[in-house]
Amino acid sequence: MASPSNKGKGIAEGSPSQSQPQQPRSPPNPPALSRYESQKKRDWNTFCQYLRNLQPPVHVSQCGSNHILDFLQYLDQFGKTKVHVHGCVFFGQVEPSGQCNCPLKQAWGSLDALIGRLRAAYEENGGLPERNPFASGGIRVFLKEVRDSQAKARGVPYKKRKKKKKRNPMRSHDVVGGGTAGTSSSNLPS
């Protein structure tokens, strides 16, 4: 309850009162998420939902690499990449000439990117980096096996891309006034 000495004080100081209509303030719009951040959030929510749907449900803090491997295999049902099996007549062919009944799976690159996003999301959601199940050796081995098997099934060996050499940003500043860097000549007054 307001004390009698403060009665009417808000009006005199110019603060809003009930006699002046207030326009409702809308909360400020958070900055739009980048495509990567949106995908990471969507992937994290999907993975958490997958864990909740398990019988019995598993909390993220209790999740291990086996849960992640099961999740990746679950995602294969939504894959769009034809992966020829060893008995298929098209196994190892780069451009098969016909149709076959080989399964559609998630492409290795998609799984690799997914694991990268989930690894980052795990830590952003309070997980400790040293306990990150997405960074475990079992996950790396699985991804390598998927990569190799898909490369063999297509007949195209996986080749790791060479990293581009970084250009030295100081390189363009090495030449000062026609001289070379590291020499005793200088454009500064003596």
Side-chain angles (χ1 to χ4, degrees), residues 25-88 90-96 98-166:
R25 284 189 173 181
S26 61
N29 291 337
L33 295 176
S34 69
R35 182 174 179 216
Y36 170 80
E37 291 295 329
S38 297
Q39 187 66 51
K40 182 170 57 172
K41 184 177 180 180
R42 186 171 34 243
D43 292 340
W44 181 251
N45 290 338
T46 301
F47 180 70
C48 291
Q49 183 65 48
Y50 171 81
L51 292 177
R52 284 191 296 270
N53 289 342
L54 292 175
Q55 292 299 324
V58 176
H59 190 270
V60 173
S61 63
Q62 301 302 314
C63 145
S65 58
N66 287 340
H67 296 106
I68 297 166
L69 293 173
D70 290 343
F71 176 66
L72 296 177
Q73 290 169 347
Y74 158 79
L75 291 177
D76 272 342
Q77 67 182 312
F78 308 110
K80 297 176 184 157
T81 300
K82 178 80 72 168
V83 179
H84 300 289
V85 296
H86 280 283
C88 179
F90 301 123
F91 182 82
Q93 293 184 16
V94 179
E95 295 184 29
Q99 295 292 323
C100 67
N101 292 329
C102 291
L104 293 174
K105 295 188 172 199
Q106 291 289 336
W108 166 77
S110 299
L111 293 176
D112 188 49
L114 170 67
I115 289 299
R117 290 189 299 269
L118 290 173
R119 183 177 181 174
Y122 178 84
E123 294 175 17
E124 288 174 8
N125 285 283
L128 297 173
E130 57 272 10
R131 294 206 53 223
N132 192 332
F134 298 97
S136 75
I139 302 300
R140 286 194 301 273
V141 167
F142 174 80
L143 289 174
K144 184 181 183 313
E145 289 173 356
V146 169
R147 180 191 71 199
D148 293 347
S149 69
Q150 289 186 5
K152 285 178 187 171
R154 280 196 339 258
V156 179
Y158 173 77
K159 293 179 184 171
K160 192 170 186 176
R161 292 182 185 171
K162 292 183 180 180
K163 291 184 179 179
K164 292 182 181 179
K165 292 183 180 178
K166 292 183 180 179

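Side chains are part of it too, since the values below use all heavy atoms of this structure and drop only hydrogens, waters and symmetry mates. FYI, the numbering just counts along the sequence from 1.
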Heavy atoms of other groups near [X] [atom1], more than 12 under 6.0 Å:
X      : atom1 : answer
Gln49  : CD    : yes
Asn101 : CG    : no
Glu95  : CD    : no
Arg131 : CZ    : no

Salt bridge (Lys or Arg N to Asp or Glu O under 4.0 Å) against Glu124, all qualifying residues, sequence neighbours excluded: Lys40
Between Pro133 and Ile139, is any pair of side-chain heavy atoms under 4.5 Å apart?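 A side-chain contact is absent here, since even the closest heavy-atom pair is not under 4.5 Å.
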Does the side chain of Leu114 come within less than 4.5 Å of Leu72's, by heavy atoms?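 A side-chain contact exists here, since the closest heavy-atom pair is under 4.5 Å.
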Straight-line distance of [X] [atom1] to [Y] [atom2], nearest 0.5 Å:
X      : Y      : atom1 : atom2 : answer
Ile68  : Ser136 : CD1   : OG    : 6.0 Å
His67  : Leu54  : NE2   : CG    : 6.0 Å
Trp108 : Glu145 : CH2   : CD    : 14.0 Å
Ile115 : Phe142 : CD1   : CZ    : 8.5 Å
Gln93  : Arg154 : CD    : CZ    : 13.5 Å
Cys88  : Lys82  : SG    : NZ    : 8.0 Å

Can you check salt bridge (charged side-chain N to carboxylate O under 4.0 Å, His left out) on Asp148 and Lys152, steps first, answer last? CA-CA 6 Å; Asp148 293 347; Lys152 285 178 187 171; over 6 Å; no
Using the side chain to side chain contact (heavy atoms under 4.5 Å, CB included) definition, which of the options Ser149, Cys100, Pro103 pairs with Val85?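 In the set Ser149, Cys100, Pro103, the residue that makes a side chain to side chain contact (heavy atoms under 4.5 Å, CB included) with Val85 is Pro103.
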Only one of Leu51, Asn66, Leu118 clears side chain to side chain contact (heavy atoms under 4.5 Å, CB included) with Phe71; which? Leu118
Smallest separation among heavy atoms of [X] and [Y], with atom names:
X      : Y      : result
Arg117 : Tyr36  : CG-CE1, 3.5 Å
Val83  : Cys102 : O-CB, 3.4 Å
Ala153 : His84  : CB-O, 3.3 Å
Phe47  : Cys63  : CZ-SG, 3.6 Å

Parallel, tilted or perpendicular, as decided by the 30° and 60° cut-offs, for the rings of Phe91 and His86: tilted
Parallel, tilted or perpendicular: ring planes of Tyr122 versus Trp44, cut at 30 and 60 degrees: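 The rings of Tyr122 and Trp44 stand perpendicular, inter-plane angle above 60°.
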Whether the side chain of [X] engages the backbone of [Y] through a donor-acceptor N/O pair (distance < 3.5 Å, no angle test) should be reported.
X      : Y      : answer
Asn125 : Ala121 : yes
Gln73  : Asp70  : no
Gln150 : Gln106 : yes

Are a donor atom and an acceptor atom from the side chains of Asp43 and Gln39 found within less than 3.5 Å of each other?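 The answer is yes; a qualifying pair exists.
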